[in-house]
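Please read these numbers as outputs of a predicted model, since none were measured by experiment. Note that these values count all heavy atoms, side chains included, but never hydrogens, waters or copies made by symmetry.
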Amino acid sequence: MAVTIRQIADAVGVSVATVSRALNHSDHPINPETKQRILDLARDLGYRPNQVARSLRTDRSPIIGVICDDITSAFTTAIVRGIQDRLKADGYFCIVINTDWDPVNEQRAIQDLAGHSIEGIIFAETSHPFANLELNVEDKKCVFVHRLFPKGYAHSVVPDEIYGGRLAAEHLIQLGHQRVGYINGPNVYFSSEERLQGYKLALNDAGIPFDPALVEPGNFEVGRGYEAATKLLELAEPPTAVFAANDLMALGAIYAAQDKGLRIPDDLAIVGYDDQKIASLSRPTITTVTLPCFQMGQASAELLLALMQKDAAATEEITVKGELIIRESCGAALKEQSPARKSPSRIDRLEALREQRKH
């Protein structure tokens, strides 16, 4: 049976009110030794507060709503895990609602959550920007994490996409590549624009002129990565390296290069983005930049807690940086393992392949 406040009060020899003040860390004066005895006994007996009763008394509850478009997304699940882990440390738990990319479902979810005694709502990877207006009416605190619509909304946590794009391109340039192709994501995502911006900044920093012919549009899918890489490799002066705006397109680029008889990374170095599971399972494994989902989830929960405690001022967004994960597809890992390793040059390989085709 659950331990009650009255049982603790009887065991310590104090009133129920005194136990309640101690457990809730009330500002009401209480003897420090008595308070410690109460806390120690509550811990030893495994006391757990009745959250339903507490919410009825205070009109507050330790519940945070999380609304997302697609809970099955690998990015969303990592974000939600980060949210839960951070909130758990402060005694909160989550109710997660999936809206299936439907703005009507999202509005209904907002209304349902706001009608209950929740403390706030975190929107994880949602695509509809009108939620702020709904919540202002209900006077609930809200935070957006990895939002899928453009900038301009307060209390947002997003990945630093410009930094990530720059990091990927810089790595290839530092490996000696002067012609670095880029396969971009769909224009409907502002992340595509920012990763492209990071790519351009890396070129500019290295004194390499930007060549529009080295940029191909993509759609974040393997097939389009294959098509885009094929076009890049058929240029009169093809790139020696390719940065793809996500790992699936990087995998498509690997397939395209292999179908042309090229070896990765000897003939073509490739870097992806997101660090999806496929990046560590493909052959060769894919060098990539992480999308810091778990960390963004934690940061969004931290921001919401600060807002609820009135410790945070309005801010447009908080950015979280990803990391470069070096694997086989760029050649850096192989170079570190065997500095003396010598392979035929890319030109030699291409000439040999042409000769083979003649025969």
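Side chain of Ser192 to main chain of Pro186: a donor-acceptor pair is present (N/O by atom type, distance under 3.5 Å, no hydrogens or angles). No side-chain donor-acceptor contact under 3.5 Å links Thr126 to the backbone of Phe123.
Every residue two or more places apart in sequence or in another chain was checked for a salt bridge (charged side-chain N to carboxylate O under 4.0 Å, His left out) with Lys88, and none qualifies. The salt bridge (charged side-chain N to carboxylate O under 4.0 Å, His left out) test applied to Asp247 returns no partner, not counting sequence neighbours. Remark: Asp10 pairs with no residue by the salt bridge (charged side-chain N to carboxylate O under 4.0 Å, His left out) rule, at least two apart or across chains. In this structure Glu237 satisfies the side chain to side chain contact (heavy atoms under 4.5 Å, CB included) test together with Arg179, sequence neighbours excluded. By the side chain to side chain contact (heavy atoms under 4.5 Å, CB included) test, Asp90 pairs with Arg86, Tyr92, Leu305, Gln309, sequence neighbours left out. Thr290 pairs by the side chain to side chain contact (heavy atoms under 4.5 Å, CB included) definition with Asp275, Glu323, Ile325, not counting sequence neighbours. Applying the salt bridge (charged side-chain N to carboxylate O under 4.0 Å, His left out) test to Arg283 and every residue at least two apart in sequence or in another chain returns nothing. Residues forming a side chain to side chain contact (heavy atoms under 4.5 Å, CB included) with Arg37 (at least two apart in sequence, or on another chain): Val12.
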For residues 168-175, run the donor-acceptor check on the side chains, cut-off 3.5 Å, and write out each pair with its distance to 0.1 Å, sequence neighbours left out.
none

Side-chain donor-acceptor pairs under 3.5 Å in residues 200-212, sequence neighbours left out?
from, atom 1, to, atom 2, distance (Å)
Asp205, OD1, Arg166, NH2, 3.3
Asp205, OD2, Arg166, NE, 3.0
Asp205, OD2, Arg166, NH2, 2.3
Asp211, OD1, Ala213, N, 3.0

Sequence neighbours excluded and cut-off under 3.5 Å, please list the side-chain donor-acceptor pairs for residues 75-84, or say none.
from, atom 1, to, atom 2, distance (Å)
Thr76, OG1, Asp70, O, 3.3
Thr76, OG1, Glu125, OE1, 2.6
Thr77, OG1, Ser73, O, 3.4
Thr77, OG1, Ala74, O, 3.0
Arg81, NE, Asp85, OD1, 3.0
Arg81, NE, Asp85, OD2, 3.3

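Within the structure, every pair that satisfies the ring pair (Phe, Tyr, Trp, His ring centres under 6.0 Å) test and touches residues 243-278, not counting sequence neighbours, is listed here: Tyr182-Phe243.
Using modelled atom types, one finds a donor on one side chain and an acceptor on the other under 3.5 Å when comparing Tyr226 with Asp259. With no hydrogens or angles considered, a side-chain donor-acceptor pair links Thr18 and Ser15 at under 3.5 Å. There is no side-chain donor-acceptor pair under 3.5 Å between Thr287 and Arg327.
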